[in-house]
Structures are given as structure tokens and as C-alpha cells.
*Asks:* 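There's a structure below that I have some questions on.
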Amino acid sequence: MVEDEKAGRRGRIVVVAGVNGVGKSTVLAKVKEARSDLRVVNYGDEMFALAKRQTLVNTRDEIRKLPLQNQLELQKRAAQNIRELARDENVIVDTHVLVTTPNGYFPGLPRWVVEGLSPDTIVLIEAPPDLVFARRVNDKTRVRSDQDTPQEIKTFMDLARVAAIASAILVGATVKFIQNLEGDPSRAANEIVKLF
């Protein structure tokens with residue numbers, strides 16, 4: 001079924017993920033500057049729009065605190081909506097491969113999502129944990145009640161690599177690791193653009 005889904009579409013689907021504070025939004029802004037024909041869809045925004053319509057949350061950060069069943073349903077519906085958008089164009093899906101919840105780690109690309117999207121490539125944007133920690137501390141645009149240490153960030157990044165590989169196995173996607181070092185997001189953006 002997965003191969004049929006990929007064969008029947010005209011565009012490529014590339015999932016781009018990274019831990020909070022890695023600079024993913026900045027890199028994706030550079031991708032859009034370089035290639036305006038690529039559609040970037042934020043998975044969290046799609047889930048938030050669905051959750052807000054159901055009056056389940058007021059902010060995006062509240063989604064991960066919802067009961068697991070609500071998160072699962074939001075994930076499934078968001079995948080369906082994005083899949084519709086991705087039928088005829090190249091799409092970058094901006095998301096996370098792993099999410100921290102009160103009950104433990106939750107896959108951002110569980111089987112029903114990754115099979116629903118059927119990406120060609122899963123990209124993990126990475127940076128040194130100390131740099132990610134500093135970016136998080138300085139980011140006043142997000143409300144973060146939990147502040148991880150650099151070691152906890154490293155552990156999370158290692159687990160995200162495992163989650164990306166596991167998701168890719170389900171759909172025959174490739175996985176690419178791209179470094180986003182300080183001061184040069186265009187470099188990481190160019191690596192993503194090359195995938196199209």
C-alpha cells in the first residue's frame with residue numbers, strides 16, 4: 001500500500017523534524033526563500049487548528065498535555081488533512097519525531113501518521129545540545145514550563161534519531177541528519193532543498 005501511495009502522487013514529501021530550539025523554523029524560512037514552490041505545512045499548527053475548533057486547548061503547547069486519546073485523534077486527522085494538500089505538490093512537513101508528555105515520550109510519527117503521509121525522506125535538523133539549550137533559554141516566544149539540561153537534550157536527540165529510523169523503516173523512507181550550526185541556517189536549508 002505504501003508504494004502505491006508514493007507512486008500515485010506527483011510531488012515529494014519530506015518530513016523535517018528537530019528538537020525545540022534547534023533552529024528548525026529559521027532553517028525552513030531559508031528553504032522558503034530559496035524555493036517558493038515548496039509548500040511547508042506545520043503539523044503542530046494543523047493539530048492546533050483542529051484542537052482549537054474542538055475547544056480542547058488555547059495554545060499549541062497545551063496539546064502535549066491532553067489525554068493520550070485526544071492526541072492520537074488529532075494526529076490522525078492532521079495526517080489526513082496534510083495528505084490531501086500533498087497530492088499534487090512538493091511538501092515539507094514541519095513536525096517532531098518525538099514529543100514529551102506527562103506519561104513519557106510519544107512518537108510524533110507513529111505508524112498511522114507516517115503511513116498516512118508516506119514521506120520520501122525524514123530529515124532531522126540537529127545542533128550541539130549546549131547550543132540548543134542556549135537557544136531555548138533565549139526564546140521568549142514560547143512558554144516552556146519544563147527546561148531540560150544539555151544532557152537531557154542530548155538524550156532526547158539520540159532518541160529522536162531512533163524514532164526517525166523506526167518511522168522510516170515502516171514506509172521505506174530515507175533518513176538524513178543535517179547540522180544547523182550557529183550563524184549559518186542557509187547551509188542546512190540548502191541540504192533540504194537538494195532533496196527536491
Side-chain angles (χ1 to χ4, degrees), residues 2 5 9 11-29 31-32 38-125 132 135-136 139 141-146 148 153 156-157 159-164 166-168 170-171 173 175 192:
V2 172
E5 296 295 339
R9 69 177 186 234
R12 292 178 55 79
I13 297 175
V14 173
V15 169
V16 176
V19 300
N20 292 333
V22 79
K24 178 169 49 96
S25 297
T26 303
V27 170
L28 289 177
V31 168
K32 286 192 267 188
L38 298 176
R39 183 173 190 148
V40 177
V41 179
N42 184 288
Y43 206 93
D45 287 348
E46 186 63 34
M47 287 179 65
F48 177 54
L50 291 166
K52 193 157 172 105
R53 278 197 296 268
Q54 296 175 40
T55 63
L56 297 173
V57 298
N58 292 312
T59 68
R60 265 189 55 168
D61 288 323
E62 292 174 355
I63 293 172
R64 65 189 175 109
K65 296 178 180 157
L66 288 172
L68 189 56
Q69 190 57 39
N70 292 93
Q71 292 182 53
L72 294 174
E73 185 57 35
L74 289 169
Q75 274 190 328
K76 289 176 188 177
R77 291 186 53 209
Q80 292 166 356
N81 291 355
I82 293 169
R83 180 58 176 248
E84 272 305 304
L85 296 173
R87 195 175 295 181
D88 295 318
E89 54 190 313
N90 286 320
V91 175
I92 293 173
V93 181
D94 173 1
T95 192
H96 296 280
V97 295
L98 203 59
V99 180
T100 305
T101 74
N103 295 323
Y105 295 118
F106 184 72
L109 294 174
R111 180 184 46 79
W112 54 88
V113 172
V114 76
E115 287 180 352
L117 294 172
S118 192
D120 298 284
T121 303
I122 299 171
V123 172
L124 274 185
I125 298 177
V132 172
R135 288 175 179 165
R136 286 181 180 183
D139 184 0
T141 65
R142 298 287 300 272
V143 177
R144 299 186 203 281
S145 58
D146 51 345
D148 294 330
I153 292 168
F156 189 89
M157 290 170 71
L159 292 171
R161 280 181 162 230
V162 172
S167 295
L170 294 173
V171 294
V175 176
I192 293 171

*Asks:* Please check if the side chain of Gln75 supplies one atom and the backbone of Pro107 the other of a donor-acceptor pair under 3.5 Å.
*Replies:* yes
*Asks:* When you compare the side chain of Leu159 with that of Tyr105, does any pair of heavy atoms fall below 4.5 Å?
*Replies:* yes
*Asks:* Within the 4.5 Å heavy-atom criterion, are Ile13 and Ser118 side-chain neighbours or not?
*Replies:* no
*Asks:* Can you tell me how far CG of Asp61 sits from CG of Asn20, rounded to the nearest 0.5 angstrom?
*Replies:* 7.5 Å
*Asks:* With Asp94, which residues qualify under side chain to side chain contact (heavy atoms under 4.5 Å, CB included), at least two apart?
*Replies:* Lys24, Leu28, Val40, Asn42
*Asks:* Do any N or O atoms from the side chain of Asp120 and from the backbone of Val14 form a donor-acceptor pair under 3.5 angstrom?
*Replies:* no
*Asks:* Nearest 0.5 Å, please: how far is CZ in Arg60 from NZ in Lys52?
*Replies:* 13.0 Å
*Asks:* Search all heavy atoms of Val175 against all heavy atoms of Ala168 and return the closest pair with its distance.
*Replies:* CG2-CB, 3.4 Å
*Asks:* Taking all atoms of both residues into account, what is the closest heavy-atom pair of Gly108 and Val113, and its distance?
*Replies:* O-CG1, 4.1 Å
*Asks:* Distance from Asn58 atom CG to Phe48 atom CZ, nearest 0.5 Å?
*Replies:* 7.5 Å
*Asks:* Mind checking what makes side chain to side chain contact (heavy atoms under 4.5 Å, CB included) contact with Ala17, not counting sequence neighbours?
*Replies:* Val97, Leu124
*Asks:* Grab the two heavy atoms, one from Ala173 and one from Pro119, that are nearest each other, plus how far apart they are.
*Replies:* CB-O, 3.4 Å
*Asks:* For the CZ atom of Phe156 and the OG1 atom of Thr100, what is their distance to the nearest 0.5 Å?
*Replies:* 4.5 Å
*Asks:* Quick check for you: to the nearest 0.5 Å, what is the distance between Trp112 atom CH2 and Gln80 atom CD?
*Replies:* 13.0 Å
*Asks:* Is the shortest side-chain heavy-atom distance between Phe106 and Leu72 below 4.5 Å?
*Replies:* yes
*Asks:* Indicate yes or no for a side-chain donor-acceptor contact from Arg111 to the backbone of Leu170 under 3.5 Å, with no hydrogens or angles considered.
*Replies:* no
*Asks:* Identify, with sequence neighbours excluded, every residue that meets side chain to side chain contact (heavy atoms under 4.5 Å, CB included) alongside Asn81.
*Replies:* Glu46, Leu50
*Asks:* Give, for atom CD of Gln54 and atom CG of Leu74, the distance between the pair rounded to the nearest 0.5 Å.
*Replies:* 6.0 Å
*Asks:* Applying salt bridge (Lys or Arg N to Asp or Glu O under 4.0 Å), name anything that partners Arg77, two or more places apart in sequence or on another chain.
*Replies:* none
*Asks:* Are the side chains of Val57 and Lys65 in contact, using a 4.5 Å heavy-atom criterion?
*Replies:* no
*Asks:* Any side-chain heavy atom of Leu38 within less than 4.5 Å of one from Lys32?
*Replies:* no
*Asks:* So Ile125 and Ile192, side chain to side chain contact (heavy atoms under 4.5 Å, CB included) or not? Walk me through it.
*Replies:* CA-CA 10 Å; Ile125 298 177; Ile192 293 171; 4.1 Å; yes
*Asks:* Not counting sequence neighbours, which residues clear side chain to side chain contact (heavy atoms under 4.5 Å, CB included) with Val162? List them please.
*Replies:* none
*Asks:* Does Val99 reach the side chain of Ile63, with side-chain heavy atoms less than 4.5 Å apart?
*Replies:* no
*Asks:* Strictly distance-based, threshold 3.5 Å: is any side-chain N or O of Ser167 a donor or acceptor partner for the main-chain N or O of Val114?
*Replies:* no
*Asks:* The criterion is salt bridge (Lys or Arg N to Asp or Glu O under 4.0 Å); which residues satisfy it with Glu89, sequence neighbours excluded?
*Replies:* Arg39
